[in-house]
Amino acid sequence: MKRITAWRRRPWAGYAVVLAALAAIGVVYAGFSPQTDRAEAHSSAQAAPDLENGRELFNKNCASCHGLNAEGTKDADGNPIAPSLIGVGAASVDFQVTTGRMPAMNPGAQVPRKEPIPTFNTSIKTDYDDPERRKQAEEQLAKAQKNVIDLRAFIQTLGGGPEVPPASAVDPEGGDVALGGKLFRTNCAQCHSFTGQGGALTGGKYAPDLHDVTPTQMYEAMLTGPQAMPVFNDSTLTPKDKQAIIAYLVNVREEPNPGGNGLGRIGPVSEGLVGWLVGLGLLVLAAMWITAKKPKKLKKS
């Protein structure tokens, strides 16, 4: 103990302690630094092919209309053919390609929803009884999902924009159905009708039916405002408001039709009209049948 105390009192003891501490820090850093570098190198190597695949997908499926640099294109008169994709974000790409609207077959007033091309078809049926066919479908589905992720990641690097919402934000179970109905009737029913059946707009455009749209696509549409639809950003409709609207739409489309036929589900007007026309038509037919029947001649006594 006396030797240690005497050693500590020497003038160079403090420097020795500092040098020992620095050496220990250097050893610890040397032990962890190579692993960190390897992890970062692996992450970069893994991300690079994804973006490169996204670029190749863009050049193959999108560049002919949107331009090689996604700057958009115009015709000879200066009228836009396809908009710029710089800053549209991953959510817009995900919505357009998973609903089959892009790549577009023919430019027009409005690009309709259709089955996505096989490259981006994330709704492929996989529940086949044949194991070989099921395995092939699952591989095709996984490849399509990766293609969508890579393409939207590439577009996201061009200028940012809205990201794809997480699963928790689009879960209908977490939304307020009553609030969603109120918000939908206030902001959406003028075009989509109050049950989401869609309707006609001006200039050859229309509001599409919402009954085949996934919750994620609903959120993305509100966030990005595709085609004739306005943008409902988070200052207009908060994420909770969007989730409430999703909950309302899912609840409405799952409700049964007591009469057997929804008749467009646009309310009592259509139901009353059909009841009036069908009922009155049946009465007219019955009257015609009765009057057309000739009476039998009375026998003379």
Side-chain angles (χ1 to χ4, degrees), residues 37-74 80-107 110-126 135-170 213-227 229 231 233-234 239 242:
D37 292 342
R38 284 197 297 269
E40 290 178 353
H42 175 73
S43 176
S44 299
Q46 188 178 29
D50 293 342
L51 291 178
E52 186 58 33
N53 183 42
R55 183 189 297 276
E56 292 177 3
L57 290 166
F58 174 82
N59 291 336
K60 182 179 179 180
N61 299 282
C62 316
S64 59
C65 293
H66 293 282
L68 292 175
N69 297 315
E71 74 280 11
T73 55
K74 298 180 180 180
I81 297 175
S84 170
L85 298 182
I86 299 173
V88 299
S92 178
V93 176
D94 189 76
F95 174 84
Q96 297 290 351
V97 298
T98 58
T99 59
R101 290 178 168 86
M102 295 293 157
M105 297 179 63
N106 294 305
Q110 182 156 328
V111 181
R113 181 189 180 103
K114 63 181 184 299
E115 183 178 352
I117 62 174
T119 306
F120 302 121
N121 192 355
T122 58
S123 57
I124 299 172
K125 179 183 177 183
T126 58
K135 181 181 178 182
Q136 184 179 3
E138 289 174 349
E139 291 176 352
Q140 186 178 357
L141 175 62
K143 186 175 181 181
Q145 290 173 337
K146 182 180 184 301
N147 286 338
V148 172
I149 292 172
D150 293 348
L151 178 62
R152 72 192 192 197
F154 170 71
I155 298 298
Q156 188 72 19
T157 64
L158 299 181
E163 292 275 7
V164 175
S168 59
V170 301
V213 184
T214 67
T216 298
Q217 291 167 353
M218 293 178 192
Y219 196 107
E220 291 169 342
M222 288 185 278
L223 198 61
T224 62
Q227 304 190 95
M229 182 173 173
V231 175
N233 55 34
D234 289 346
K242 293 182 178 70

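Bear in mind that the values here come from a model prediction, so they are computed numbers and not experimental data. Atoms considered below: every heavy atom in the structure, side chains included; atoms not considered: hydrogens, waters and symmetry mates.
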What distance separates [X] [atom1] from [Y] [atom2], expressed to the nearest 0.5 Å?
X: I86; Y: L158; atom1: CD1; atom2: CG; answer: 6.5 Å
X: C62; Y: L68; atom1: SG; atom2: CG; answer: 11.5 Å
X: L223; Y: T216; atom1: CG; atom2: OG1; answer: 12.0 Å
X: L151; Y: L51; atom1: CG; atom2: CG; answer: 11.0 Å

Over 12 foreign heavy atoms within 6.0 Å of CD, E138: yes
K114, NZ: over 12 other non-hydrogen atoms inside 6.0 angstrom: yes
Set of side chain to side chain contact (heavy atoms under 4.5 Å, CB included) partners for E139, sequence neighbours left out: K135
Listed partners of Q140 passing side chain to side chain contact (heavy atoms under 4.5 Å, CB included), at least two apart: P118, I124
All side chain to side chain donor-acceptor pair (under 3.5 Å) counterparts of S123, not counting sequence neighbours: N121
Non-neighbouring partners of E163 that pass side chain to side chain donor-acceptor pair (under 3.5 Å), sequence neighbours left out: Q156
Side-chain donor or acceptor of H66 paired with backbone N/O of E71 under 3.5 Å: no
Check: T122 side chain, Q145 main-chain N or O, donor-acceptor pair, under 3.5 Å: no
Residue pair D50, I149: steps toward the side-chain contact (heavy atoms from CB on, under 4.5 Å) verdict: CA-CA 8 Å; D50 293 342; I149 292 172; over 6 Å; no
Find out whether [X] and [Y] are in side-chain contact, i.e. whether some heavy atom of one side chain is under 4.5 Å from a heavy atom of the other.
X: Y219; Y: V164; value: no
X: L57; Y: T119; value: yes
X: V231; Y: T224; value: no

Pair D150 + R55, salt bridge at N-O below 4.0 Å: no
Pairing residues for F58 by the ring pair (Phe, Tyr, Trp, His ring centres under 6.0 Å) criterion, not counting sequence neighbours: F154
Heavy-atom pair of closest approach, residues A221 and P226: O-CD, 3.3 Å
Could you list the donor-acceptor pairs under 3.5 angstrom formed between side-chain atoms of residues 88-100 and any protein atom two or more places apart in sequence or on another chain?
{"from": "D94", "atom 1": "OD1", "to": "R152", "atom 2": "NH1", "distance (Å)": "2.8"}
{"from": "T98", "atom 1": "OG1", "to": "D94", "atom 2": "O", "distance (Å)": "2.5"}
{"from": "T98", "atom 1": "OG1", "to": "Q217", "atom 2": "NE2", "distance (Å)": "3.2"}
{"from": "T99", "atom 1": "OG1", "to": "F95", "atom 2": "O", "distance (Å)": "2.7"}
{"from": "T99", "atom 1": "OG1", "to": "Q96", "atom 2": "O", "distance (Å)": "3.3"}
{"from": "T99", "atom 1": "OG1", "to": "R101", "atom 2": "NH1", "distance (Å)": "3.1"}

Full working for side-chain contact (heavy atoms from CB on, under 4.5 Å) between V111 and M102: CA-CA 8 Å; V111 181; M102 295 293 157; 4.3 Å; yes
